[in-house]
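Atoms within each ligand, like the ligands themselves, are counted from 1 in listed order. Just so you know, these numbers use all the heavy atoms, side chains as well, and skip hydrogens, waters and symmetry mates.
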Amino acid sequence: MAPNDAVLAPFRKQGHDHGKCVRDALTAAEQVCAREGASLTPLRRRVLELVWGAHAPVRAYDLLDTLRGERRRAAPPTIYRALDFLLSVRLIHRIESLNAFVGCADPKHSHGGQFLICDGCGAVAELDDPTIARRVADRARALGFTPRRQTIEISGRCPDCAADG
Ligand SMILES: [Zn+2]
Ligand SMILES: [Zn+2]
Ligand SMILES: [Zn+2]
């Protein structure tokens, strides 16, 4: 596999057609839910749309703030249930180091992943490089460890922030 095939989501330029990103994500979500026999309720759909607000991790309480302005009954358990659902059908990923969520760029295929997270602007790129994943899993197994789920989070600077110094 060529290295670029492993890129699920590159860093996006300012001014790209983000509306299209969101529309594509919602279309993919409908397909994934149909395939899994799961229901993308209006609330789940709205939470997914909010997670896709930018290509950067979103925290649950930020979602709650937005939803409280829209729905009077939005309470933390409502948001957490919706996020749990979206995680279970792999439409979003949890970024553990930030306790936040990003939309998955390729929800139709189950994958682990490597996330590049900018500490300047919060932008996230998503890789799914099987060479990296296999190497980590092999090292784990050599220690008698059975890997279940593998997510690698790397912090640093995105191209825009690196250019700004
Ligand atoms: Zn976008
Ligand atoms: Zn993904
Ligand atoms: Zn950045």
Ring-face cation contact, Phe85 with Arg44, 6.0 Å cut, 45° max: yes

Just to confirm my numbers, could you give the angle made at the Zn ion (ligand 3) by SG of Cys161 and SG of Cys158, rounded to 10°? 110°

Looking only at N, O or S atoms, find the one in Glu126 nearest to the Zn ion (ligand 2) and name it. OE2

If the cut-off is 2.8 Å, does any N/O/S atom of Asp128 fall short of it from the Zn ion (ligand 2)? no

Evaluate salt bridge (charged side-chain N to carboxylate O under 4.0 Å, His left out) for Glu36 paired with Arg90, printing each intermediate quantity in order. CA-CA 11 Å; Glu36 309 251 333; Arg90 299 180 301 275; 3.4 Å; yes

With the Zn ion (ligand 1) at the centre, find the angle made by ND1 from His18 and NE2 from His16, to 10°. 110°

Angle at the Zn ion (ligand 2): provide the value between NE2 of His93 and SG of Cys104, rounding to 10 degrees. 110°

Using 4.0 Å as the upper bound for N to carboxylate O, is an ion pair formed by Arg157 and Asp164? no

Angle at the Zn ion (ligand 1), SG of Cys21 to NE2 of His55, rounded to 10 degrees, please. 110°

Within rounding of 10°, what is the angle whose vertex is the Zn ion (ligand 3) and whose arms end at SG of Cys118 and SG of Cys121? 110°

Answer yes if the ring centres of His93 and Phe101 are under 6.0 angstrom apart, and no otherwise. no

When rounded to the nearest 0.5 angstrom, what is the spacing between CZ in Arg46 and OG1 in Thr66? 7.5 Å

Are Arg134 and Asp138 close enough, and set up right, to give a salt bridge (charged side-chain N to carboxylate O under 4.0 Å, His left out), and what steps lead you there? CA-CA 6 Å; Arg134 205 177 312 122; Asp138 286 349; over 6 Å; no

